[in-house]
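Report on the following structure.
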Amino acid sequence: MYKPLWRACRAAAIALSVVAAFGIAVKAQTPKDVLVVGHVAELQTLDPAQAVTISDFRILSNIYEGLVRYKDASLDVEPGLATSWTVSPDGKTYTFKLREGVKFQDGSPFNSASVKFDIDRVIDKNHPYNHTGPFPFVFLLGPIASVDAPDPSTVIIHLKNPYAPMLTMLASAIGGLTGVSPDAVKKYDKEFARHGGGTGPFTFTIWEAGQRFVLERNENYWGPKPKLKALVFRPIIDENARVSEMQTGGTDLTIEVPPDNVATFKADPGKFTYYEQPGPHLWYLLLNTEEKPFDDKRVRQAANYAINKEAMADQILKGTATPAAGPTPPAFTWAHDPNLKPYPYDPAKAKQLLAEAGYPNGVDVTFYVTESGSGMLSPQLMGTAIQADLAAVGIRAKIETYEWNTFLGKILPGMKGKANMAELSFMSQDPDMHPSLTLRTDSAINSGRYKNKEVDKLLTEGRTESDTVKRAEIYKKFQDIVYDDAPWVFIVNWKQNAVSGANVKGFRLHPSFTTRLWEVWKE
Amino acid sequence: MRNYILRRLLLMVPVLFGITVIVFLVIWLIPGDPAKAILGTFATPENVAKLNHDLGLDRPLPVQYLIWLGNVLRGDFGRSYILHRPVIDEVLDRLFPTLLLAGTALILSSAFGVLLGIIAAIRQNGWQDKLITIAVLIGISTPSFWLGILLIFWFAVRLAWFPVGGMQALFGGGDLVDVIHHLALPAITLAAVAGAVLVRLTRGNMLEALRQDYVRTARAKGLSEGRVIYVHAFRNALVNIVPIIGLEAGFVLGGAVYIETVFQWPGIGRMLVSAISTRDILLVQGGVLIVATCYVFINLLTDIVQCILDPRIGQA
Amino acid sequence: MSSTLLSTSEVVRVYGRRLSLLGQGGKPVRAVDGVSIGVARGRTLGIVGESGSGKTTLARMMVGLLPPTAGSIEIDGRSVPELALSDRKTLHRMVQMVFQDPVSSLNPRKTVRSILEAPLKALLGMGPEQRNQRIAELLSLVSLRAEFADRYPHEFSGGQAQRIGIARALAAEPELIVLDEPVSSLDVSVQAQVLLLLSDLQRRLNLTYVFISHDLAVVETISDEVAVMHLGKVVERGLRAQIFAKPQHDYTRLLLSSIPAVRRRAQ
Amino acid sequence: MNVAIEKATPAPEPADTRAGRPSAWKLLTRNGVTSVGLALLAIIVVIVLLAPVLPLANPDAADAVHRLQPPFSSGHIFGTDQVGRDILSRLIWGTGVSLAVGVVAAAAAAAIGSAIGLCAAFYGRYVDMVLMRGVDMLMAFPYLLLALAIVAALGPGLLNAMFAIIVVNIPFFARAVRGATLSVVRADFIAAARLSGLSDLRIIASELFPNILPTIVITASTTVGWMILETAGLSFLGLGAQPPQADLGGMLGDGRNLIEVAPHVATIPGIVILLVAIGINLVGDGLRDVLDPKLKSGGLARAHAKTAVAPPDQRLGRLSSAPLDPHSLLSVRGLETHFTIGREIHRAVGGVSFAVKPGEAIGLVGESGSGKTVTALSILGLVATPPGKIVGGAILYRGDDIADTSLAHLQEIRGNRIAYVFQDPLTTLNPLITVGEQVAETIRRHRGLKRAEAWREAVRLLEAVHIPDAAARARSYPHELSGGQRQRVGIAMAVANGPELIVADEPTTALDVTTQAQVLKLLNELRHERGAALVFISHDVGVIAELCDVVHVMYGGRIVESGPVGVVFNSPQHPYTQRLLACVPELGRPERLIQPIPGIPPAANALPPGCAFAPRCQLAEARCRSGAIELSRIGPDHWARCVRAAAGNA
């Protein structure tokens, strides 16, 4: 009776099944010489001087090299684009001998002039290419006074003051900015961030927004050639999708596996390889020491006692982190004080300290939490768990959640009148860097307004002392004081993790939170 | 009819103008200093001052708007400070995938929505009708993002029939079959809700059309039921369905935000979600403006189709 | 009895000068085009015409619901359009209207009581007790039972609803009632009831009617004077007998010859 | 004043319909599906409202050690979430938040949108233009995208999300309410209210608002479900409720990353959203069925291709076996057509018999509700089913009973042997098809002509019905023609295939008298030219008198008197016919007394026993009010259904 309709239905059904059948038949195979990486975010910039997120640095560290670099699996420095260097006795002049015959990926030569160009571009406001910024981490280069290039293979960096972390800073991912091709900067100008150009083992080729970011082997690389022909980074922001893609073979390697999914991958070693690597990371609560109640050391300690750090590390983060004992992460093996033990989980003691401080009935505080952010692990989850632990001893925290940039904008100028505590984390390559920024009385971004002359003195000593053994002693003293004074609540140190297909070989996570993929191959 | 289309085109001018005003005002809605919000982490005083000047935020609102509109008309939507590229470039890169997804979903939902709607209407109160009604009820009550997650879990992860996400295979992909393969789950998810709404409306409009006097006239002429239903009733129902399809286009374009997020589709929706979370306001502005403009044109198209279908409209 | 109560002079109403985004929308239509008529106190003026002749527009202008584009309308020597702007209460105590569709002229969400109360309160300022008494009177005047007051319009048949419409018009105690096709949506048997009621009321209350209809036979039955409208103009007017017996205008003749008569062929 | 003054008799009270009018609540709950929805919503709302007193865990109390407990673990019926909070408790509180947000957003959008729509429609012109262009601009954004932009600017948060959702939904209300208001503003009762001296504000408040309230409620009931889903969606994207506050979308968003490890965390809130939305949608549908006048009286039911017919044994049982007139073309015998609306049966046609000889013109005359149209439509099964059904009688076409024939056979007769002309030519022609094609398609259907040939034939027919410039006019759409021309097209369609019988159902009622005269003349000419019989239906005795040979007067679904036109109209025997003729004003005889019939015609669902006219009849006696009264012959070819007429001739 209604034939046309049924005919249409039948046609549609046939068409659908054909498509479905085709669809199922097509299984795209990743070639053996290409590694597909499930990446946590979109790439934001190809300019190492502009990059701000570890996810960017994980990609950029395969394109750019600094004058020096970290050794495998350690934060010790070894030659990079410079083959050797000397430091003047006063610690203010660094002279680098550059590697000969290195060419940028665009074919232009790497030499002292290019290094000078690169550093001047960032630190000199009057440099013709300074407008290619903004350069958010320019303050890290703050100690540099000037750069000289007496001959093509020699670069001399003059510092304003002695600065012990200088080499580690140059070895870090940010150090990659010294290996930027001046020709490329001149050619692309403001668009350099979308094109890049370095000396590293891989060259950027394709950037499809939201889909993939492709690096290809630099055939003219000065060092040992990468085994892989290409790296494909797929931005998969959704955690769940990242896991699913890994499970279904859509990606070969996923860095930062959500804690809850770790067990799944670990359980199947025939199919997956799981990696872990502690790094210099600390997840902590920044306390506003300027205002009540955290102006009182006892309350700060009470907060440290109140929080069940083991439960967080084991339950919420599923063993992807370890409870933190003090301001210096254990990954700084030389500077870390192994005698410090995390504040024990002791609600009774916390209550007692709180009562002693004059808060027998507890106290209300405002707690800034962020939605996500570099190194913040699961900030909202952690925030809620912390809120619950604190509430159990009488610190009633009201959570205010902000998006990462807003969050930083709220915290960095100081929390006075706004909040009593905020969750934060840091990753740095030197034990000086973070404390100097956040705990020194005279630092602009000492947001907790912590004031301790002894700490100030120790930090000044630490950054000017070039002897590592002596430096280590200084930092251990520093740790003891800060542990006891508790301007922060020390929560956990993160172990970065990754999972790859069992056929992926030669992959290692690096403590510096970069991803070095030139030694990786697939079987 | 030509006059009608011309009039409709002219009417688009104030609407497009209004869209730009609303989109522009989004910046004005930002509490506090917009420049600071836009620059986020990079909000050094010099940068803020520079952006304030670039955006003309130091001038009166109407002047700001005119400057902004002038830039927009020249294709300059400003620069994303997060992605380090002109907003327009990013938006255009993302536009095609969104249109592909939304377009497929719209076609799927229209085709199945109308088809099932007709079946439900001509089998009113029969088992087909009841089955369709239940399916529709579930369809309009299901959050699309939830449906998407369930579909991925079963059809991509468990059964591995379809890819988990993305628009094309990284290798050997990009051809039609591959894209359809990737498109299937997200498009079906997106089409499910829109289609359900359409089934209802088609059913209602068909039933209404079938009750009209002219259908009785057609039957009184001895025409076959097929002709009565498809030529006489359906054409009239279609006049009311077409504008709904236009509305559905908006529904689908908006719903793409969820679906793109869940299915890693490289479209504008996903871009907007990350732009919102990084407070990349200029990118949000540009994305919304472009999609809204597309939508206005889609509506123009449905109006023209409706005008072709119904000779009365062109003369009204 | 011969003084003119309502008169119009060269009244014009133009439609279609509509405001639109793109200038003037469509060509203006002269719905009423220079009409001059009058009705004397206590008499009935019948206006007859086919659809689109401008009868309803004229009626609405007479009661002040529509302003004329040009020309003047006077009731008892005062300008209707001016009163409509400045003193609606006075105007509507003088002139009321009964509408064609008895169902759409009654608010479906109000009881008969509250429909009838509105003019009593707003126009006559009556207190509650007085109102109740008056409502009962009004209902009995139109031959409806008092208990109907608390019912809703949809509970009534067309004829009953039209009686309520008439009662509502009567509530304001006007001198003039404009009846716009008051019986054309009613069945013949009910139509006769309403016509009869209208004549009865006119006699008892000394009302003046402007009676508008497309039905020549009905107009002939009820009118003293008749005006024939065609395309916005009055083509012929005069005493009833004159118009029906000796029509002068072609259009009137055409109208008359088009009416099928029940006994014409039979006789 | 020449109208005869008969003391206006108070109308008898109509059958009390009040008891039969169920309340909105009853109507709502009568629909089983809606009741399910109501129950579902009620359960959800009660649980949510009881949340403060239920023995629930603190919804925000995290317990990291006991996170992701599966459902039915100790102390947590639905398990715990990613920070060890009790899912059941969060679910209940979260549902409350989602419902509250949905309802508040719907209420706010309804209030603002309705105010805009109301003002735009009531004040019109500039106000309308400014307001509605603004609404258009909001509408120009793809749904939800504007909400995203607003949230982007204001920052994430439940209140901001709600605000965005409200803004996005305002246009729907503004448009719907404007439309509804426009149709009410034009209603006469608004003019009546003005005439009653009410101020604009009073008119808006007491006349307009109550009448558009159903529209607002319907729109709100459809949008509140969306709004809950949308708010959930924004929360899902992390733009809505912020932790630790629970709402359904946020819970789902939090849980989606655990779909593999702990599927219950996302699945349970998903199911609850589904249930809430289903409940709201079901109730919304129910509300719409109750409030939308279009859907009243049992909803939209599709009309079947032919009228339902009772099986022959039931249908023919009551028929007498009187011999058939062998000359009749069509013979309707004891036709009974009923409508079932709700639980009420309307006896629209209660046993009608008449016959049409070839070339003869018969008229069916009666007031509205007398059953004449249903009789005509029953002939070829064109009464809408549901609710109509032929429950009795036979329809004999050339001696064959076609009441129950196959659809295919019926379609062969329709438009071919027997053709119809309907009342309102605007609604009975398809507005989207050219008139030429509408004529041509019936030619193609029955004569199998090729498309071009059929078109030429259609143009010839349009010429035959005196449509000027027929070749060009054939390409016009119905709305481009005048009422008279449209009816000419209707006639052209009817005569297209040279039918033996034309059934014309009030073909001139919607036309002006001058046009009516032309159309009647045309119909009469064509009929004679082509030798077709005519069944002509009208309420206008004058028209019948002019056109027909035989007249059947109908009242209350039955023929009360029939005979040759001259006989019936000159010496009516049935009191109804007499009084009907007496109350029709006659042109040229203004001095004649108009005698109204007291009371109102009976409703088809409450026909009195005995003679249907008895309650209005001044001559009625006891025997008129009980038992069946047969149509009796009172003269040659003259029949009447009246005890007095029968007795007088006995």
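Letters go in sequence order (proteins before strands), and every chain restarts at 1.
In terms of heavy-atom proximity, D:Phe141 sits nearest to B:Ala292 at CD2-CB, 3.7 Å. Of all heavy-atom pairs between D:Met137 and B:Pro14, the closest is CE-O, 3.2 Å. Scanning both residues, D:Leu234 and B:Tyr258, for their nearest heavy atoms gives N-OH, 3.8 Å. Contact detail for B:Val231 and D:Asn430: the closest heavy-atom pair is O-ND2, 4.4 Å.
Note that CG of B:Leu137 is 5.0 Å distant from CD1 of D:Ile278, once rounded to the nearest 0.5 Å. A distance of 8.0 Å separates OG1 in B:Thr142 from CG in D:Leu229, rounded to the nearest 0.5 Å. The CG atom of B:Leu253 lies 7.5 Å from the CG atom of D:Leu145; values are rounded to the nearest 0.5 Å. Of the inter-residue distances, the one linking B:Thr217 atom OG1 with D:Arg414 atom CZ reads 11.5 Å to the nearest 0.5 angstrom. Summarising the geometry, atom CG belonging to B:Leu247 is positioned 6.0 Å from atom CZ belonging to D:Phe172; distances are rounded to the nearest 0.5 Å. A distance of 12.0 Å separates CG in D:Leu148 from CD1 in B:Ile268, rounded to the nearest 0.5 Å.
Across D:Gly134, D:Gly415, D:Pro431, D:Ala266, the residue that shares the most heavy-atom pairs under 4.5 angstrom with chain B is D:Pro431. Between chain D and the residues B:Ser141, B:Ala121, B:Gly250, the most heavy-atom pairs under 4.5 angstrom are made by B:Ser141. Comparing B:Ile149, B:Leu210, B:Leu289, B:Ile138 by heavy-atom pairs within less than 4.5 Å of chain D, the highest count is held by B:Ile149. Among the candidates D:Ile433, D:Asp136, D:Ile280, the residue making the largest number of heavy-atom pairs closer than 4.5 Å to chain B is D:Ile433. In terms of heavy-atom pairs under 4.5 Å with chain B, the best-connected choice from D:Val276, D:Thr267, D:Asn281 is D:Asn281. Of the listed residues (B:Val291, B:Val284, B:Asn299, B:Asn236), the one with the most heavy-atom contacts under 4.5 Å to chain D is B:Asn236. Interface summary for chain B: among D:Ala232, D:Ala277, D:Ala496, the most heavy-atom pairs under 4.5 angstrom belong to D:Ala277. Comparing B:Phe17, B:Trp146, B:Phe251 by heavy-atom pairs within less than 4.5 Å of chain D, the highest count is held by B:Trp146.
When heavy atoms are compared at a cutoff of 4.5 Å, B:Val215 does not approach chain D at all. Contacts of D:Ile413 with chain B are absent, with no heavy-atom separation under 4.5 Å from either backbone or side chain. With a threshold of 4.5 angstrom between heavy atoms, B:Val193 does not approach chain D through any atom at all. When heavy atoms are compared at a cutoff of 4.5 Å, D:Leu138 approaches chain B by way of both its backbone and its side chain. Residue B:Val273 touches chain D through its side chain alone, counting heavy-atom pairs closer than 4.5 Å. Contact annotation for D:Leu377: only side-chain heavy atoms (C-beta onward) come within less than 4.5 Å of a heavy atom of chain B. When heavy atoms are compared at a cutoff of 4.5 Å, D:Gln423 does not approach chain B at all. At a 4.5 Å heavy-atom cutoff, the contact between B:Val15 and chain D is made by backbone and side-chain atoms alike. Using a 4.5 Å cut-off between heavy atoms, D:Thr434 does not touch chain B at all. Looking at D:Ala149, both its backbone and its side chain come within 4.5 Å of chain B, counting heavy atoms on both sides. Heavy atoms closer than 4.5 Å to chain B are found in both the backbone and the side chain of D:Leu274.
No side-chain donor-acceptor contact under 3.5 Å links B:Arg219 to the backbone of D:Leu382. The closest donor-acceptor contact from the side chain of B:Arg235 to the backbone of D:Leu432 lies under 3.5 Å.
Looking at B:Arg216 and D:Asp505, no side-chain N of the basic residue comes within less than 4.0 Å of a carboxylate O on the acidic one, giving no salt bridge.
Side-chain contact between D:Glu480 and B:Pro311 is absent, with no heavy atoms from C-beta onward closer than 4.5 Å. Two residues are said to be in side-chain contact when any heavy atoms from C-beta on lie closer than 4.5 Å; D:Asp285 and B:Arg200 meet this criterion. With contacts defined as side-chain heavy-atom distances shorter than 4.5 Å, the pair D:Arg445/B:Arg227 does not qualify.
Within a 6.0 Å radius of CZ in D:Arg447, more than 12 heavy atoms belonging to other residues, nucleotides or ligands are found.
Classified by interplanar angle (parallel below 30°, tilted 30° to 60°, perpendicular above 60°), the ring pair B:Phe145/D:Phe236 is parallel.
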I'd like to know whether B:Asp213 forms a side chain to side chain donor-acceptor pair (under 3.5 Å) with D:Thr428, so could you lay out the CA-CA distance, the side-chain angles of the two residues, the decisive distance to 0.1 Å, and finally the verdict.
CA-CA 5 Å; B:Asp213 289 348; D:Thr428 52; over 6 Å; no
Please step through side-chain contact (heavy atoms from CB on, under 4.5 Å) for the pair B:Ile140 and D:Trp226, ending with a clear verdict.
CA-CA 8 Å; B:Ile140 57 169; D:Trp226 289 354; 5.7 Å; no
Applying side-chain contact (heavy atoms from CB on, under 4.5 Å) to B:Lys221 and D:Gln438, what does each step give before you reach the verdict?
CA-CA 10 Å; B:Lys221 289 195 283 188; D:Gln438 292 193 56; 3.8 Å; yes
Let me see the working for B:Leu223 and D:Arg444 under side-chain contact (heavy atoms from CB on, under 4.5 Å), right down to the final yes or no.
CA-CA 10 Å; B:Leu223 301 183; D:Arg444 290 205 305 273; over 6 Å; no
Could you walk me through whether D:Thr427 and B:Gln212 pass side-chain contact (heavy atoms from CB on, under 4.5 Å), step by step?
CA-CA 7 Å; D:Thr427 61; B:Gln212 297 299 314; 5.7 Å; no
